[in-house]
Chemist: 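Would you mind keeping the following structure in view while I ask a few things?
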Amino acid sequence: MIMTVTRFAPSPTGYLHIGGLRTALFSWLYAKHTGGTFRLRIEDTDMARNSEEALEAIIQAFEWVGMSYEGEVVYQSKRLDIYKKYIDYLLAEGKAYRCYMSKEELDTLREEQTARKERPRYDGRYRNFTGTPPQGVEPVIRIKAPESGMIEFTDGVKGEISIAGSEVDDFIIARSDGIPTYNFVVAVDDALMGLTDVIRGDDHLYNTPKQIVVYKALGFKIPNFYHVAMINNEQGKKLSKRDGATDVMEYKALGYLPEALLNFLVRLGWSHKDQEIFSIEEMIALFDPNDLNKSASNYNLDKLLWLNAHYIKNMPNAKLAIVLKEYGVHIEEHDKRELLLDATKERGKTLVELADQIHLILNAPQNYDEKDTKKAFKEDTKEILEDFVHLLQNWEKPLHLPVDYHAVMQRLVEDKQIGFGKIGMPLRVSLLGSMTGAGMDEIMAILGVDETIARIQKATVCIK
RNA sequence: GGCCCCAUCGUCUAGCGGUUAGGAUCCAUGGUUUUCAUCCAUGUUACCGGAGUUCGAGUCUCCGUGGGGUCACCA
């Protein structure tokens, strides 16, 4: 297998959103799949829009999901002299030229073209200019794009793409302040970094012919391109901030496990037969960008939630306890840790919900919801609970495990000739202050006899 | 608007000329359970429309429709 070099190249203008994370994941997986290299490059040539916080947020998101990049992060803002060298070369070769058109002139031209219902484009007026340049205008540098013919390339996702050369105008590769522009630096860096495969969103499809112009002008080898279809919202429209969590780190705050998020994202646009659950190792082993879907997919929370619940359920307790620390639950050293987690991990779709479940057990209820108590407490309830306390206090054997407590409940229902329902719900409300939650036997085993009795007694006092 | 891309259950998807169109999620029902959840079983729901090619089309071609992307001295 050929070792690939892939990259993720965000611009630090905002947080990392899930669409970006998915393309990064695809790139990362493909590199790992081939035993190749995955790199991170920051596209920060637009000095005005860069932000330090955005950069940190992106790095942080990568850390959280556990995607590692090799080598140093490449910052384009630190490579300006390299780009200048290539621009000078193109100028010298006559493959690029200075254009003295001012912004205002350009705007006017575009307005005229739009009025004539033409596609706004640069008219090439300085392409072969040999006269005296106008005074007071700092020129931009434009690259000579083919005036006719087709620019063709094979996209690993979309197939054969051909775009008329006339659709690509002599685009600007360096602004009047000398800073090179996106399509130029992307091509230069992708080539210089030895990229074999470029996986990116299909909103970049139209940049590809432009970048190919640069590759050809500079004599670089053209990499394989994969343009991944977008992720839309539930309505099939472009994902925006209004669609809730789009910031990757927001998912952490909401209680999602990174493995669930990654599993969710990898299945958006990619599949392997009927398989739904993929460990990272399986993803790496099976992923191939050539299997990527052509069509856009809609973002839907249900599947993510289901996956998250799955990963929570199947996570070893020791690891779960560590993860839970971020959600205010500190039970790593708790002597009933295993019992606590076994009793609750199937009841939370998110870590936030799981933390709530655990809090319910660990902290005695401060008050009792009136609706719950009305439902759970009948006339004979107080007496039943008191009998139960009495049984607990006089139980001849030590009470440790859930089965021990189960035996006590068993004895109670037998002695009093009642159903489990008579004791179960009142007991639950007494211990948790809630109608739902973990199994009674487990809860009591976690609390211990003393705390169990204390909570029941408190409840019987509070409730008339 | 020009150019480009896309189109299977509500959603994520399998399918790669011959299938009772499969799986997952969601939803509903039943079972298990002292509650809830888990788990198990069952069920409802899809090939955008129209031509063509072919013995045969969800699969190939064309047209239409719908959706998306893109047209910066942003990335």
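Residue numbers start from 1 in every chain, and the chains themselves are labelled A, B, ... in the order their sequence lines are given, proteins ahead of strands.
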Chemist: Can you tell me whether the side chain of A:Asn207 and the base of B:A75 have a donor-acceptor pair closer than 3.5 Å?
Modeler: yes
Chemist: As a test of reading the structure: which of B:A24, B:C12, B:G22 is closest to the side chain of A:Arg267, going by heavy atoms?
Modeler: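 My answer, after comparing the listed nucleotides, is B:C12.
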Chemist: Is the number of heavy atoms from other residues, nucleotides or ligands within 6.0 Å of NE2 (A:His359) greater than 12?
Modeler: yes
Chemist: Inspect the surroundings of CD in A:Glu282 and state if more than 12 heavy atoms from other residues, nucleotides or ligands are less than 6.0 Å away.
Modeler: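 Count over threshold, so yes.
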Chemist: Give a yes or no on whether a salt bridge exists between A:Asp44 and A:Arg49, defined as a side-chain N under 4.0 angstrom from a carboxylate O.
Modeler: no
Chemist: Could you check whether the side chain of A:Ser176 and the base of B:C73 have a donor-acceptor pair of N or O atoms closer than 3.5 Å, going by distance alone?
Modeler: yes
Chemist: I'd like to know if A:Lys319 pairs up with A:Glu259 as an ion pair, taking the criterion as any Lys NZ or Arg NE/NH1/NH2 lying under 4.0 Å from an Asp or Glu carboxylate oxygen.
Modeler: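 Salt bridge present between A:Lys319 and A:Glu259.
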Chemist: Can you confirm whether or not the ring centre of A:Trp270 sits under 6.0 Å from the ring centre of A:Phe287?
Modeler: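 They qualify: ring centres under 6.0 Å apart.
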Chemist: Assess whether one donor atom and one acceptor atom, taken from the side chain of A:Asp202 and the base of B:G69, lie less than 3.5 Å apart.
Modeler: no
Chemist: Does a side-chain N or O from A:Asn300 land closer than 4.0 Å to OP1 or OP2 of B:G10, or not?
Modeler: no
Chemist: Touch check for A:Ile179, heavy atoms < 4.0 angstrom, all strands: base, sugar-phosphate only, or nothing?
Modeler: nothing
Chemist: Is there a ring-ring contact (aromatic ring centres under 6.0 Å, His included) between A:Phe8 and A:Phe62? Walk through the geometry before answering.
Modeler: CA-CA 11 Å; A:Phe8 183 60; A:Phe62 265 75; 5.7 Å; yes
Chemist: Kindly say whether, by distance alone, the side chain of A:Arg428 makes a donor-acceptor pair under 3.5 Å with the base of B:U35?
Modeler: yes
Chemist: Who is the Watson-Crick or G-U wobble partner of B:C71, with both distances under 3.5 Å?
Modeler: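 Base-paired to B:G1.
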Chemist: Give A:Lys345 one of three labels, base, sugar-phosphate or nothing, depending on what nucleic acid heavy atoms sit under 4.0 Å from its own.
Modeler: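 Result for A:Lys345 = nothing.
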Chemist: Would you kindly give the CZ-to-P distance between A:Phe264 and B:A24, to the nearest whole Å?
Modeler: 18 Å
Chemist: How far, in whole Å, is B:U54 from B:G18 if one measures between their C1' atoms?
Modeler: 12 Å
Chemist: What is the per-nucleotide protein-contact pattern of nucleotides 15-20 of chain B, from the 5' end, where B denotes a base atom under 4.0 Å from a protein heavy atom, S denotes such proximity for sugar-phosphate atoms only, and - denotes neither?
Modeler: ------
Chemist: Atom CD of A:Gln357 and atom P of B:U38: how far apart are they, to the nearest Å?
Modeler: 12 Å
Chemist: Aromatic rings A:Trp306 and A:His310: how do their planes relate, parallel, tilted or perpendicular, breaks at 30° and 60°?
Modeler: tilted
Chemist: For the pair made of CD1 in A:Ile361 and P in B:A37, what is the distance, rounded to whole Å?
Modeler: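 Nearest whole value for this atom pair: 16 Å.
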Chemist: Would you measure the distance from the P atom in B:U44 across to the matching atom in B:C55 and give it in whole Å?
Modeler: 36 Å
Chemist: Mind checking the P distance from B:A37 to B:A28? Whole angstroms is fine.
Modeler: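 That atom pair is separated by 11 Å.
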Chemist: Can you tell which of B:U13, B:G68, B:C4 lies closest to the side chain of A:Leu268?
Modeler: B:U13
Chemist: Looking at A:Asn293, I'd like to know whether one of its side-chain N or O atoms comes within less than 4.0 Å of OP1 or OP2 on B:A14.
Modeler: yes
Chemist: Out of B:U34, B:A75, B:G23, which nucleotide sits closest to the side chain of A:Asp441?
Modeler: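 Closest nucleotide to the A:Asp441 side chain: B:U34.
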Chemist: Other residues, nucleotides and ligands only: do more than 12 of their heavy atoms fall within 6.0 Å of CZ on A:Arg98?
Modeler: no
Chemist: Have a look at A:Asp387 and tell me which of A:Lys382, A:Lys416, A:Lys422 forms a salt bridge (Lys or Arg N to Asp or Glu O under 4.0 Å) with it.
Modeler: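 When salt bridge (Lys or Arg N to Asp or Glu O under 4.0 Å) is applied between A:Asp387 and each of A:Lys382, A:Lys416, A:Lys422, only A:Lys416 qualifies.
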Chemist: Write down the distance between CD (A:Glu234) and P (B:C9), rounded to a whole number of angstrom.
Modeler: 16 Å
Chemist: Below 30° counts as parallel, above 60° as perpendicular, anything between as tilted: where do the rings of A:Tyr100 and A:Phe129 land?
Modeler: tilted
Chemist: Closest approach to the side chain of A:Asp46, judged atom by atom: which nucleotide of B:G10, B:C39, B:A75 is it?
Modeler: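 Closest of the options to the side chain of A:Asp46: B:A75.
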Chemist: For B:G43 versus B:G2, give the span between their P atoms, rounded off to a whole number of Å.
Modeler: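 B:G43 and B:G2 have their P atoms separated by 49 Å.
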Chemist: Between A:Asn183 and A:Asp274, name the one whose nearest nucleotide on RNA chain B is closer to the 5' end.
Modeler: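 The residue mapped nearer the 5' terminus is A:Asp274.
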Chemist: Say you pick atom C1' in B:U33 and the same atom in B:G23; how far apart are they, in whole Å?
Modeler: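 My reading of the C1' atoms in B:U33 and B:G23 gives 28 Å.
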Chemist: Which listed nucleotide (B:U11, B:G69, B:G2) is nearest to the side chain of A:Glu167?
Modeler: B:G2
Chemist: Please give the nucleotide sitting opposite B:C9 as a Watson-Crick or G-U wobble pair, both distances under 3.5 Å, or none.
Modeler: none
Chemist: Of the nucleotides B:G68, B:C3, B:A37, which has the atom closest to the A:Arg347 side chain?
Modeler: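 Per side-chain heavy atoms of A:Arg347, the pick is B:A37.
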Chemist: Can you measure A:His227 atom NE2 to B:A75 atom P for me and round it to whole angstrom units?
Modeler: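 Rounded to whole Å, this separation is 17 Å.
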Chemist: Would you state whether a donor and an acceptor, one from the side chain of A:Tyr299 and one from the base of B:C12, lie under 3.5 Å apart?
Modeler: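 Flag unset: no donor-acceptor pair detected.
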Chemist: Has the side chain of A:Glu276 got a donor or acceptor that lies under 3.5 Å from a partner of the other kind on the base of B:G23?
Modeler: yes
Chemist: Expressed as a whole number of angstroms, how long is the span from A:Lys303:NZ to B:A24:C1'?
Modeler: 4 Å
Chemist: Counting side-chain heavy atoms from CB outward, which of B:C74, B:G2, B:U34 is closest to A:Arg119?
Modeler: B:G2
Chemist: Quick one: which of B:G68, B:A14, B:A75 gets closest to the side chain of A:Lys237?
Modeler: B:G68
Chemist: In terms of the nearest nucleotide of RNA chain B, which residue is placed more toward the 5' end: A:Ala164 or A:Arg175?
Modeler: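 With A:Ala164 and A:Arg175 compared, the 5'-side residue is A:Ala164.
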Chemist: For the C1' atoms, the ones on B:C73 and on B:C16, what distance do you get once it is rounded to whole angstrom?
Modeler: 47 Å
Chemist: What integer number of Å spans the C1' atoms of B:G56 and B:G1?
Modeler: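 Rounded to whole Å, the distance is 42 Å.
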Chemist: Determine whether the aromatic ring centres of residues A:Phe171 and A:Tyr122 are separated by less than 6.0 angstrom.
Modeler: no
Chemist: Mind checking who B:A51 pairs with, Watson-Crick or G-U wobble, both distances under 3.5 Å?
Modeler: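 Answer to the pairing question: B:U61, which forms a Watson-Crick or G-U pair with B:A51.
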Chemist: Rounded to the Å, how far apart are A:Met101 CE and B:A72 C1'?
Modeler: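 My rounded result for the distance is 13 Å.
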Chemist: With the side chain of A:Leu205 defined as its heavy atoms from C-beta on, choose the nearest nucleotide among B:C4, B:A14, B:G22.
Modeler: B:C4
Chemist: In whole Å, I'd like the distance from the NZ atom of A:Lys117 to the C1' atom of B:C3.
Modeler: 17 Å
Chemist: Taking B:G58 as the reference, what is the distance to B:A46 when you measure between their P atoms (whole Å, please)?
Modeler: 15 Å
Chemist: Please pick, from B:A75, B:U38, B:C73, the nucleotide with the shortest atom-to-atom distance to any side-chain atom of A:Lys349.
Modeler: B:U38
